[in-house]
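Structure, as structure tokens:
Values reported hereafter were calculated over all heavy atoms of this structure, with side chains retained and with hydrogens, waters and symmetry mates removed. Letters go in sequence order (proteins before strands), and every chain restarts at 1.
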Amino acid sequence: MAAPMKHAAPVGKLVFEKSNFNDKKSRHLQHITDHYFNYSVETMLPGCEFLPSDIQVPLTEVEAFVSYKVPLAEIIKPDFLQAFVKRGKLYMLSHGMQIDTQDCAALLPTGILILSLTKDSYEQLGLEGKVANFGDKKTCKYVIEINVKDHTFVPGKKRYERIKRCLTEHLQLTFDFLLTWCPGDAKVSPASVQCYFQCNGFLCNRLPIMRKQKDYEDLAIPVISSDNPTGEAESCCDSMEFYEWLGACATEVDLSATSLDSYTSSYICPAPRELKDRCVTWTSKGMLTCASIIDVLTKLRQIVQKMNLPWVSLTVHGFMDCPVSWGQREHSFYNNGDNLYTFVIFPNNDYWLYSAIGSKDVCV
Amino acid sequence: MHWRPMQKHWRVGGHLAVSHDFLGMGMYEKQVSKGHLPYCYLKVRLDFEEDVDPTDIDIIIFKHIVLQAVQSLFGEAASCTPIDVLKYRQTNREAILRVSSRYFTKLWASLTWYSCYSEQSCAFRVLQVSSHLMALAANSRQLSLA
């Protein structure tokens, strides 16, 4: 280890943005809505004695389901497309498949069905796709995109019949799907999609949302200033050190026991820091919709001003084995399947946004 | 921590500069880091072939084992490399390690090669790897459908 490996491949990419919510060109909403598949949401409220009751409501109302052994041919049936894909936003993601070595599928709310297939599956299926950015000659993967919302994608048309034939005769791709549906009509229940699958003979259960809350007492937090993310002035901390500290809190690293000369760890809370009597963090895990995350963000913006907190953070983790990260940008798993973002929200409506992705992913 | 991305791209102000100055708001800033970030983080677990009393291996011994792994593959000088055990759970010997990204590959190699502690067969399982500590807070591959 005396000689460092300077040319080893990077493990991940990080994009840092600083902007203001009131800015007309701020893309914070677009950033959330383009990140379709959200696995975990975590917030941190420093200086907050108790967790505001209404903040968790948007996430508890999310109705997510898991449907087992669904053939892809089932998803392109005209009844299903008409009832769910064209009348709301349907998010479907294959579960239990590892994108680096296995076949994966996702249906985006825009109506694009994305198949990320291994070479064997791709050649058996016989549909036209493109080589994925990820992988070498041995682990080559292929990506197929099908627009199921297209007005020409109907029975009787050549393309529809060809895709149907490939999915039923050439290779019957079957997945366990995680799914949520946000209906366009507020009177319709999101659970209709569960009924549909059950009526068609598939096992479809509700996906539970796991919740966890952690309270800190006498926690030292770094002092940050929204105007100074590079930490040039000594009165505030660098944004990158702060992000690492947020990560340390999220992974429940015990910072009270460590010091710079400790044998086990030299990591300490970055300076300058201040002591807060109370601090609350909470986490929700499951399959969460973009709309619910926007609701949480809106509530956090109100809370940070109303309760006079120095800042609050909102972190969203995506699914590691999702074929897309943001929008239709390809996502893969090399050393890791990172696709996460963190908002640090300040009382003056400024925000910092960190977006972390894997080394082979296309940048945000 | 001194943060120095290998390739960075600054876009300060950009399309918002005029309106922001006028309204007295902050400028839009974007910084993209595609090169090495300063650290890499590994979530690892030490498994033994036979049952071992969890109290036998505390965080001090665990750190010693990690350094021993590095030393056995890359020699004495390697033990000077700072490796931090940020978190350790004694019940299942699971830990989060932090190392400079320049030494990350060598640390991973050392852990892979390590196979015996006090005459007991063991192996490090690398569960998750990232250049962002925040990324280790969630692992969607562990999603339980129960």
Side-chain angles (χ1 to χ4, degrees), chain A residues 1-2 4-6 8 10-20 22-25 39-40 42 66 95 98 205 207-208 210 226-227 229 238 240-241 243-244 246-248 250-254 263-267 270 285 315 317-321 335-338 340 342 350 354 356 363, chain B residues 1 3 6 15-16 19-20 25-41 59-60 62-63 70 74-75 77-78 80-82 84-88 96 98 100-107 110 128-141 143-146:
Chain A
M1 301 254 283
M5 294 183 74
K6 290 179 185 170
V11 180
K13 295 175 188 171
L14 184 68
V15 180
F16 171 79
E17 285 168 271
K18 171 189 166 280
S19 189
N20 190 289
N22 292 335
D23 198 314
K24 283 176 191 168
K25 290 180 179 174
Y39 168 61
S40 156
E42 177 170 329
V66 53
H95 173 71
Q98 303 198 337
N205 296 334
L207 185 70
M210 319 284 276
S226 63
D227 298 333
D238 175 18
M240 295 301 139
E241 288 179 345
Y243 187 51
E244 187 184 34
L246 270 182
T251 49
E252 298 179 16
V253 172
D254 183 10
Y263 171 68
T264 52
S265 171
S266 61
Y267 181 69
K285 285 179 182 170
T315 302
H317 293 258
F319 285 85
M320 286 184 171
D321 296 307
N335 282 324
N336 55 59
D338 293 348
L340 60 142
T342 301
D350 275 354
Y354 303 86
C363 239
Chain B
M1 185 170 73
W3 192 63
M6 294 281 283
H15 58 283
L16 303 170
S19 62
H20 273 180
M25 294 179 187
M27 304 274 267
Y28 173 73
E29 289 181 29
K30 184 173 184 180
Q31 188 174 356
V32 182
S33 171
K34 294 180 178 179
H36 287 285
L37 289 155
Y39 292 108
C40 282
Y41 306 87
I59 187 168
I60 307 279
F62 186 86
K63 173 80 187 259
V70 172
F74 292 106
C80 304
T81 309
D84 296 319
V85 182
L86 295 181
K87 185 186 171 189
Y88 180 66
I96 294 178
R98 180 179 80 154
S100 164
S101 54
R102 297 167 66 171
Y103 298 106
F104 162 70
T105 311
K106 288 190 170 183
L107 173 62
S110 308
Q128 212 176 337
V129 156
S130 180
S131 48
H132 321 285
L133 184 52
M134 180 62 91
L136 303 189
N139 185 349
S140 64
R141 286 186 171 181
L143 173 65
S144 158
L145 299 181

For the residue pair [X] and [Y], establish whether any side-chain heavy-atom pair is separated by less than 4.5 Å.
X        : Y        : value
B:Leu37  : A:Leu14  : yes
B:Gln128 : A:Asn336 : no
A:Phe319 : B:Leu143 : yes

Under 3.5 Å: donor-acceptor pair, side chain of [X], backbone of [Y]:
X        : Y        : result
B:Lys30  : A:Lys18  : no
A:Asn335 : B:Val129 : no
B:Ser140 : A:Met320 : yes
B:Asp84  : A:Ser266 : yes

When rounded to the nearest 0.5 Å, the distance separating CE of B:Met134 from OG1 of A:Thr342 is 4.0 Å
One should read off an interatomic distance between A:Thr251 OG1 and B:Leu136 CG, to the nearest 0.5 angstrom, of 7.0 Å
With a 4.5 angstrom heavy-atom cut-off, could you sort out which part of [X] is near chain A: side chain, backbone, both or neither?
X       : answer
B:Ile96 : side chain
B:Cys80 : neither
B:Phe62 : neither

Bottom line for A:Leu207: the part with an atom under 4.5 Å from chain B's heavy atoms is side chain
Under 4.5 Å to a heavy atom of chain B? For A:Pro229 that would be side chain
Requested in this report: Indicate yes or no: does B:Lys87 engage A:Asp254 in a salt bridge with an N to O separation below 4.0 Å.
Outcome: no
Sequence neighbours excluded, the answer for side-chain contact (heavy atoms from CB on, under 4.5 Å) partners of A:Lys285 is A:Tyr39, A:Ser40, A:Met210, A:Thr283, B:Ala138
Residue set satisfying side-chain contact (heavy atoms from CB on, under 4.5 Å) with A:Ser226, at least two apart, ordered chain then number -> A:Phe346, A:Asn348, A:Asp350, A:Trp352
With side-chain contact (heavy atoms from CB on, under 4.5 Å) as the criterion, how do B:His132 and A:Glu244 come out once you've worked through the C-alpha distance, each side chain's angles and the decisive distance to 0.1 Å?
CA-CA 7 Å; B:His132 321 285; A:Glu244 187 184 34; over 6 Å; no
Query raised in the report: Does B:Lys63 count as lying over the ring of A:Tyr263, i.e. NZ or CZ under 6.0 Å from the six-ring centre, within 45 degrees of the axis?
Result: yes
Answer key: most heavy-atom pairs under 4.5 Å with chain B among A:Lys13, A:Glu42, A:Gln98 is A:Gln98
Exercise. Should B:Gln31 and A:Tyr354 be marked as a side-chain hydrogen bond (donor to acceptor under 3.5 Å, both in side chains) after you check the CA-CA gap, both sets of side-chain angles, and the distance that decides it?
Worked result: CA-CA 10 Å; B:Gln31 188 174 356; A:Tyr354 303 86; over 6 Å; no
State whether a side-chain donor-acceptor pair under 3.5 Å links A:Glu17 with B:Tyr28.
yes
